[in-house]
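The block underneath contains the structure these notes are about, expressed in C-alpha cells.
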There are 2 protein chains.
Amino acid sequence: MALTAESITTTALDILSRYGLGDLSMRRLARELEVQPSALYWHVKDKQELFVLLATRMNAVVDARCPSTSDPVAAVMALREILLTYRDGAEIMLLGYSIAPERVTPAALSVSVLGASASHGIMAHVLGAVTIEQNRSAFGIAAVGPGERLAEITAKLLEV
Amino acid sequence: MALTAESITTTALDILSRYGLGDLSMRRLARELEVQPSALYWHVKDKQELFVLLATRMNAVVDARCPSTSDPVAAVMALREILLTYRDGAEIMLLGYSIAPERVTPAALSVSVLGASASHGIMAHVLGAVTIEQNRSAFGIAAVGPGERLAEITAKLLEV
DNA sequence: ACCTGAACACCGTTCAAGT
DNA sequence: ACCTGAACACCGTTCAAGT
C-alpha cells in the first residue's frame, strides 16, 4: 500500500495497542510498513509530529461517539475508554494536548462549550489520572481508583 | 567522590535542571560522574528506579517547605514550584507517583490527611497540569493558564 | 564490594543518490 | 514526488573480568 501520513498513523496505533509506547520506534514502524526508516520522514516531520497525529486520531474517535452537545461527564468517560484501548494512550495524548490543545480536545469538552477554565482543568485532570492508571497497570500495580472517581471529579470541575 | 545512590540522584537532578529529560541518559549520567555506564547498575536497578529516586527527592524538598499540617493549597503551589525548577520535573514525578504513590506524595497532601479521593484527585491534577505546562514551555508555546487556576481547582477538589 | 571493558541489540534523524 | 542506503551520534542493560 502507498505510504501516507494516514497509513503511518494507523500502523503506529496498531503497534501502540499491541506492544505499547516502548516498542513504538520510527525504525520499528518502518519495519512494520516494509519501508526504510528514512522513508517516514518524507510524510512526517519527526516523532513529535507523529504523536500529534496519533492524539488527533484518538480524539476523532471520541468525537464520533460524543458530539459537541454531549454530556461532558459522558465525554470524559468515553475519552478514558479510548485512551485505555491504546496502551500508553494517555501519555501520548498528554504530549499531543501540550502541543496542539485545540486539535486534541473532544468537541464536548472544548473551550467554546465549557469555557477555558473548565475545559483545560478537566483535560489536565483526565490526562493526568489516566496516565497514572495506565502506568500502574503496565507495572502490574492494582488501580487505586478507576473511573468512578473520574466522573465525580469531572462533575466538580464543571463548576470552576 | 564515592559513587552512591545519593550522588547519582544529585547529579541526575543537576542534568535535569540544566538540560532536561532528553539529555538524562544513563550514559550521560555516567560520563558526568566519571564512571563507566555499567557502574551505575551496581547502585540502581534500572532507569525506572532512578526516576523514583528523583521523584522521592523532589518530594522531600516540598515536605521541607510544607509539613503535614500545612494548607493543602499552599502545598500544591509549593509542589508546582519545585517541579518547575527541574525541567520535566512533573513528567518524572508522574512516573514516580505511578510506581510508588506513598513515597512521592507530599505529607500535606497524603491520604491520611486528605482522604484517598482528595489526595489522589489532587495529585493527578497537579501532575497532569504541570506536565502540560512544562511541555508547552519546552516547545516555546505560551502557557494557557498557569498557577492561579491550579489553586482554584485544588480548592474545589478538596471537597471531593 | 565496587568498578571496568566489551559486547548486544537497539534508537532518531539526515542526506546523497536513485527511480 | 517518493523512497533507498549508508552514515552519524547516540541509547539501556548485561556480564565476565579485574581490584
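The figures that follow rest on heavy atoms only: side chains count, while hydrogens, waters and symmetry mates do not. So you know, we letter chains A, B, ... as the sequences are listed, proteins then strands, and number each from 1. Remember, predicted model here, so these are calculated numbers, not experimental data.
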*Contact nearer the 5' end of DNA chain C, comparing B:E34 with A:Y41*: B:E34
[X] side chain: which of [options] is closest?
| X | options | value |
| --- | --- | --- |
| B:A39 | D:dG5, D:dC3, C:dC3 | C:dC3 |
| B:S38 | D:dT14, C:dC3, C:dT14 | D:dT14 |
| A:W42 | D:dG5, D:dC11, D:dC3 | D:dC3 |
| A:S25 | D:dC2, C:dT14, C:dC11 | C:dC11 |
| A:D46 | C:dT13, D:dC3, D:dT13 | C:dT13 |
| B:L3 | D:dC3, C:dC3, C:dG5 | C:dC3 |

Taking [atom1] from [X] and [atom2] from [N], how many angstroms apart are they, rounded to a whole number?
| X | N | atom1 | atom2 | answer |
| --- | --- | --- | --- | --- |
| A:R31 | C:dA9 | CZ | C1' | 11 Å |
| A:K47 | D:dC10 | NZ | C1' | 14 Å |
| B:K45 | D:dG12 | NZ | P | 15 Å |
| B:R27 | C:dA7 | CZ | P | 13 Å |
| A:L40 | C:dC15 | CG | C1' | 15 Å |
| A:L29 | C:dG12 | CG | P | 9 Å |
| B:E49 | D:dT13 | CD | P | 11 Å |
| A:E6 | D:dC2 | CD | C1' | 16 Å |

*Watson-Crick or G-U wobble partner for C:dT19, using a 3.5 Å limit on both distances?*
D:dA1
*Please determine, for C:dC8, whether a Watson-Crick or G-U wobble partner exists with both distances under 3.5 Å, and give it or none.*
D:dG12
[atom1] gap between [N] and [M], integer Å:
| N | M | atom1 | answer |
| --- | --- | --- | --- |
| C:dC3 | D:dT14 | C1' | 14 Å |
| D:dC11 | C:dC8 | C1' | 12 Å |
| C:dC10 | D:dA9 | P | 22 Å |

*Any side-chain N or O of B:H43 under 4.0 Å from OP1/OP2 of C:dA1?*
no
*Check whether any side-chain nitrogen or oxygen of B:Q36 sits under 4.0 Å from OP1 or OP2 of C:dG5, and answer yes or no.*
yes
*Does atom CZ of B:R65 have more than 12 heavy-atom neighbours from other groups under 6.0 Å away?*
no
_Neighbour count above 12 (heavy atom, 6.0 Å) for A:E159 CD_ = yes
_Checking side chain to side chain contact (heavy atoms under 4.5 Å, CB included) between B:R80 and each of B:L83, B:V76, B:L84, B:I82, which is the one that passes?_
B:L84
*State whether A:Y86 and A:R57 meet the cation-pi test: NZ (Lys) or CZ (Arg) under 6.0 Å from the six-membered ring centroid, and within 45° of the perpendicular axis.*
no
*Where do A:L50 and A:L29 land on the side chain to side chain contact (heavy atoms under 4.5 Å, CB included) test, with the steps shown first?*
CA-CA 11 Å; A:L50 176 63; A:L29 192 46; 3.6 Å; yes
*Using heavy atoms to find the nearest nucleotide of DNA chain D for B:L24 and A:P37 separately, return the residue whose nucleotide is more 5′.*
A:P37
*asked:* Using a strict threshold of under 4.0 Å (side-chain N to carboxylate O), is an ion pair present between A:R18 and A:E32?
replied: yes
